[in-house]
Student: 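Sending over a structure as structure tokens; questions will come in a sec.
One-based numbering along the sequence shown.
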Amino acid sequence: MVALIACLATVVAGLLVLNFAPTEKKIETQLTRLYDTDDPQFRRSLGVLLGPPLVEGNKVEVLLNGDQIFPAMLKAIREAKKTITFETYIYWSETIGKEFADALAERARAGVKVHLMLDYIGSIKMDDASMKALRDAGVEVHRYHKPVWWKLARLNNRTHRKLLIVDGQIGFTGGVGIADKWRGHGQDEDHWRDTHFRVEGPVVGQMQAVFNDNWTKATGKVLDGEAYFPALAAKGDSPAQMFSSSITGGGESMHLMYLMAITAARHTIHLSNSYFVPDELAVKALVAAAKRGVEVRIITPGKIIDSDVVRAASHERWGALLKAGVKMAEYQPTMYHVKALVVDSLLVSVGSTNFDNRSFSLNDEANLNVLDPVFAKQQEAVFEQDWLRAKPISLQQWEDRPLHDKAAGKLADLIGSQL
Ligand SMILES: O=P(O)(O)OC[C@H](O)CO
């Protein structure tokens with residue numbers, strides 16, 4: 001009898017594992033290098049393969065750290081006249097969370113339609129009183145993918161997107177979360193280094209469409225009309241596109257974008273990422289770029305990081321990169337939470353995406369691609385400033401790292417697909 005129960009339990013467990021396993025293939029083979037980044041085909045392929053095409057006439061402003069990011073976001077919220085749509089992963093009840101909640105509630109009471117999409121896990125540290133105050137003021141709050149026992153598989157699919165759109169006219173995206181560790185200017189380990197972007201122009205319509213994606217999936221409602229999608233005049237000179245990924249659609253888009261950009265690179269790759277755990281294909285693409293003469297530089301967090309496991313898994317994957325000549329450096333003053341890619345002083349990709357499997361395959365992400373040499377040069381200057389505060393790690397230093405670091409790397413690597 002016991003043997004029969006054990007047998008049945010094994011079959012049920014096996015079936016469960018099979019049912020939770022991904023059913024569709026991911027990108028498995030290295031991309032063929034068909035064009036450089038300045039070839040019109042690169043722009044065309046970004047448009048057709050990632051979703052909406054790049055549209056002209058955008059203005060994208062860089063905001064460095066909480067001191068610049070939060071006032072710009074709060075100003076836009078406080079000046080909203082018709083609609084606010086806001087989707088974020090981390091939202092905690094702290095001083096900055098309260099400032100946002102107060103501003104959102106005030107606008108809702110004034111008649112602005114306010115839609116707030118919070119990831120359930122990311123907003124777990126938001127207190128009930130703040131949530132109630134928002135709802136009482138008329139803010140429509142939805143918490144994405146509440147864990148329930150009958151939908152366990154989706155526990156691992158969070159919305160990691162970071163989008164704020166005001167009146168369908170001003171958009172924000174980048175790395176920032178709504179928590180006090182993003183306040184300040186990266187001055188110490190309690191104040192993180194991050195970059196966010198303020199966007200105006202036709203691409204804001206694409207940002208709103210990405211917000212609508214999860215809003216509709218979660219609430220069954222569509223946000224449409226002039227208050228959400230007004231006619232958008234040109235505000236600047238940057239061609240841009242906003243695209244998204246989710247396991248429920250376009251699941252490989254982020255992975256693909258990084259592989260396309262790295263594969264098309266001819267001169268330089270400047271990659272900043274808070275969680276850098278490249279898969280085999282990404283390593284191959286970066287190695288191939290370095291071997292064909294592309295200068296590849298990557299900044300990741302150093303000892304000050306909120307996830308030692310991620311840093312250990314990251315180190316484990318550096319060997320082939322360093323051997324190929326990729327320059328790695330770890331940011332020293334504080335946690336480095338920036339997520340930005342600049343290729344050939346032309347393409348800039350920014351948004352919520354980390355350089356790891358969780359962002360490439362498990363979570364919902366959204367990135368803004370900007371194809372503009374002026375903007376790209378500006379972001380390279382930001383990268384250079386960060387590089388000055390980062391400690392380069394040579395191949396020799398990497399090989400000589402302590403045995404316990406190597407062991408931690410091997411262990412962390414075992415769960416690399418979940419990081
Ligand atoms: O997942 P991210 O990149 O938004 O970062 C969030 C931090 O891990 C919160 O501690």
Student: Do S245 and E365 have side-chain atoms, one donor and one acceptor, less than 3.5 Å apart?
Tutor: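 Short answer, no.
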Student: Please enumerate all residues that pass ring pair (Phe, Tyr, Trp, His ring centres under 6.0 Å) together with F355, with sequence neighbours excluded.
Tutor: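 Only Y258, F276, F360 meet the ring pair (Phe, Tyr, Trp, His ring centres under 6.0 Å) criterion with F355.
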Student: Taking the side chain as every heavy atom from C-beta outward, state whether Q385 and L64 have any pair of such atoms under 4.5 Å apart.
Tutor: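 A side-chain contact is absent here, since even the closest heavy-atom pair is not under 4.5 Å.
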Student: Might you point out which heavy atoms bring Q379 and V348 nearest each other, and give the distance in Å?
Tutor: CG-CG1, 3.9 Å
Student: NZ of K406: more than 12 outside heavy atoms within 6.0 angstrom?
Tutor: yes
Student: Please identify each residue that fulfils ring pair (Phe, Tyr, Trp, His ring centres under 6.0 Å) with H160, with sequence neighbours left out.
Tutor: Y89
Student: Is any side-chain N of the basic residue among R297 and E384 closer than 4.0 Å to the acidic one's carboxylate O?
Tutor: yes
Student: Charged N to carboxylate O under 4.0 angstrom, K221 versus E140?
Tutor: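 The answer is yes: the pair qualifies as a salt bridge.
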Student: Under a plain distance cut-off of 3.5 Å, with no hydrogens placed, do S246 and D364 share a side-chain donor-acceptor pair?
Tutor: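 Looking only at side-chain atoms, S246 and D364 do form a donor-acceptor pair, the distance falling under 3.5 Å.
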Student: Decide yes or no for T159 and H145: does some side-chain heavy atom of the first lie under 4.5 Å from some side-chain heavy atom of the second?
Tutor: no
Student: Can you check side-chain contact (heavy atoms from CB on, under 4.5 Å) on W318 and V326, steps first, answer last?
Tutor: CA-CA 9 Å; W318 286 17; V326 171; over 6 Å; no
Student: Does a side-chain heavy-atom distance below 4.5 Å link L346 with V343?
Tutor: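 In short, these two side chains do not touch, never coming nearer than 4.5 Å.
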Student: With a 4.5 Å limit on heavy-atom distance, are the side chains of P202 and N58 in contact?
Tutor: yes
Student: Please lay out, stage by stage, how H337 and W182 fare under the test ring-ring contact (aromatic ring centres under 6.0 Å, His included).
Tutor: CA-CA 9 Å; H337 199 261; W182 274 280; 4.9 Å; yes
Student: What heavy-atom pair brings D167 and K81 nearest, and what distance separates the two atoms?
Tutor: OD2-N, 2.9 Å
Student: Is it true that K26 and E280 make a salt bridge, defined as a side-chain N closer than 4.0 Å to a carboxylate O?
Tutor: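 Judged by the 4.0 Å cut-off on N to carboxylate O distance, K26 and E280 do not form a salt bridge.
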Student: Could you walk me through whether Y275 and R358 pass side-chain contact (heavy atoms from CB on, under 4.5 Å), step by step?
Tutor: CA-CA 10 Å; Y275 306 102; R358 175 149 296 280; over 6 Å; no
Student: With sequence neighbours excluded, tell me which residues meet side chain to side chain donor-acceptor pair (under 3.5 Å) with Q396.
Tutor: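 Only D400 meet the side chain to side chain donor-acceptor pair (under 3.5 Å) criterion with Q396.
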Student: Kindly check if the number of other-residue, nucleotide or ligand heavy atoms within 6.0 Å of CD (E189) is above 12?
Tutor: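 It does not: E189 CD has 12 such atoms or fewer within range.
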Student: With side chains defined as the heavy atoms from C-beta onward, is the minimum distance between V310 and V277 less than 4.5 Å?
Tutor: yes
Student: Could you tell me whether the side chains of Y228 and T85 share a donor-acceptor contact shorter than 3.5 Å?
Tutor: no
Student: Mind listing the closest non-hydrogen atom pair of A412 and L419 along with its distance?
Tutor: O-CD1, 4.0 Å
Student: State the CD1-CD distance between I96 and E99, to the nearest 0.5 angstrom.
Tutor: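 Going from the CD1 atom of I96 to the CD atom of E99 covers 4.5 Å.
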Student: Is the closest basic N to carboxylate O distance between R266 and D38 below 4.0 Å?
Tutor: no
Student: Side-chain contact, heavy-atom cut-off 4.5 Å: R43 with Q41?
Tutor: no
Student: Restricting to non-hydrogen atoms, name the atom on A103 and the atom on L74 that form the minimum distance, rounded to 0.1 Å.
Tutor: CB-CD2, 4.1 Å
Student: Between L118 and M126, which heavy-atom pair has the shortest distance, and what is it?
Tutor: CD1-SD, 3.7 Å
Student: Is there side-chain contact between V370 and F197, with at least one heavy-atom pair below 4.5 Å?
Tutor: no
Student: What's the shortest heavy-atom distance between W92 and G122, and which atoms?
Tutor: NE1-O, 3.2 Å
Student: Within the supplied structure, the quantity of interest is the number of heavy atoms (other residues, nucleotides, ligands) at a distance under 6.0 Å from K217 NZ; does it exceed 12?
Tutor: yes
Student: Looking just at side-chain N and O atoms, do S274 and K339 make a donor-acceptor pair shorter than 3.5 Å?
Tutor: yes
Student: Would you say the side chain of M117 lies within less than 4.5 Å of the side chain of H142, judging by non-hydrogen atoms?
Tutor: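 Side chain of H142 against side chain of M117, heavy atoms only: contact under 4.5 Å found.
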Student: Flag yes if more than 12 heavy atoms outside D188 fall under 6.0 Å of its CG atom; otherwise flag no.
Tutor: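 Atom CG in D188 is packed in, count exceeds 12.
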Student: Kindly determine whether V176 and M73 satisfy side-chain contact (heavy atoms from CB on, under 4.5 Å), including the steps that lead there.
Tutor: CA-CA 11 Å; V176 96; M73 292 173 81; 4.2 Å; yes
